[in-house]
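Inspection log for the structure reproduced underneath, given as structure tokens.
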Amino acid sequence: LAAEAQRLLGLPAARTAIAAFFAEHLNLARLDSVSKDQKLFPQFTPALVGAMKIEVQRTVSDLVFEQQGDLRDLWRAPRTFVNAELARLYGLPPPDKPGPDGFAAVALPKESRRGGLLGTAALLALNANATVTSPTHRGKFIRAELLCQEIPPPPPGVMTSLDPPSGEATTLRQRLTKHRESPACRGCHSRMDPIGLGLENFDPIGAFREKEGNLPIDPSGDLDGQTFAGAAELGALVAAQPDLGPCFVRQVFRHATGATEGDAQELLLKDLGAALEAGGHRLQPLLLALILSEGFRTAGNEVVP
């Protein structure tokens, strides 16, 4: 079984399968339906959206197959893949020697505060609104999808929208601070907003900015008491979170089995987490451990009351 699994991982179809998993894990399919205000962001075209997807796909494929590297590097690597259009959005020169698809690997300058998948336009645009960013959505994505930390829905009857800007110029950070003063909102928003606020240097389509309107942006963020500014620093913090590996294992298990884990699978997930660590946080050893596990190879007959 291990030999057959290794053989299959060497086939081109394995790249397609891994790409499908990460597309589901990162919600990339939603990019096709994301709407941005065309007056504010005329460069947000289907071609740019397609480039955003390819950037993530190339980054994942390079790390998993070419480098066979540490999965945590997806969140902290100081390079990415761009074509001319995406390079323009990032304020970078077009790639010197692009491949047949127009993409090439490029190093990201430190001053861009961009790095890892959290700095890609795909994830920044996905977790933003049509006209403004959303620190809440960006923070929730990290808590819920990357760390598997539950964020309950808003209490019934609570208004989730922010008050529109008044006559006085304010930043989104300032308006969110007032929003968190509500006792009904404080509990959840205090766990999401401080993370997303550290990504405010990136506008709703992922372009870097230093001002919101005419007001300077405060790029400081906080993840459980650890401060950062920008996607590169946040990615390094996320990569060091103890919940990142176990959450990734859960996501892989759910995708591979088509089921949500229950109490009976907790020991299996713990064993898979140990296999991920023992394998240097690489994906292929984790997949082999999953395929060889009793929980993957057999079906149970649980009695449903």
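Since the model is a prediction, treat every value here as computed from it, not as a measurement.
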Starting from the C-alpha separation in whole Å, work towards a yes-or-no answer on side chain to side chain contact (heavy atoms under 4.5 Å, CB included) for Arg250 and Glu261.
-> CA-CA 8 Å; Arg250 287 182 187 274; Glu261 72 283 352; 2.9 Å; yes
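- With hydrogens and angles disregarded, no donor-acceptor distance shorter than 3.5 Å links the side chain of Gln226 to the backbone of Asp222.
- Judged by distance alone, the side chains of Ser61 and Arg15 do bring a donor and an acceptor atom under 3.5 Å apart.
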Check the pair Asn201 / Glu210 against side chain to side chain donor-acceptor pair (under 3.5 Å), numbers first and verdict last.
-> CA-CA 6 Å; Asn201 271 142; Glu210 292 184 335; over 6 Å; no
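- More than 12 heavy atoms of other residues, nucleotides or ligands lie within 6.0 Å of CD in Glu266, so this atom counts as buried by the packing criterion.
- Counting only distance, with no hydrogens or angles, the side chain of Gln265 and the backbone of Gly262 share a donor-acceptor pair below 3.5 Å.
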I would like to know whether Arg88 and Glu85 meet salt bridge (Lys or Arg N to Asp or Glu O under 4.0 Å); could you show each step before the answer?
-> CA-CA 5 Å; Arg88 192 179 309 116; Glu85 191 168 13; 5.1 Å; no
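- Residues Phe21 and His25 place their aromatic rings such that the two centres sit under 6.0 Å apart.
- Taking both residues in full, the closest heavy atoms of Leu223 and Phe228 are given as N-CE2, 4.0 Å, listed atom of the first, atom of the second, then distance.
- Residue Thr80 is tested with Glu55, Arg58, Arg114 for a side chain to side chain donor-acceptor pair (under 3.5 Å); the sole match is Glu55.
- Between Asn129 and Pro204, the closest heavy-atom pair is O-CB, 3.6 Å.
- Judged purely by atom type and a 3.5 angstrom limit, Arg297 uses its side chain to pair as donor or acceptor with the backbone of Leu292.
- The shortest non-hydrogen separation linking Leu290 to Phe296 is O-CB, 3.0 Å.
- Panel note: side chain Arg282, backbone Gly279; a donor-acceptor pair is recorded below 3.5 Å.
- Across every non-hydrogen atom of Val56 and Ala122, the tightest pair is CG2-CB, 3.8 Å.
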Does the side chain to side chain donor-acceptor pair (under 3.5 Å) test come out yes or no for Thr131 and Asp37, once each step is laid out?
-> CA-CA 6 Å; Thr131 59; Asp37 189 306; over 6 Å; no
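- Salt bridge Asp32/Lys53: present, at least one basic N to carboxylate O contact under 4.0 Å.
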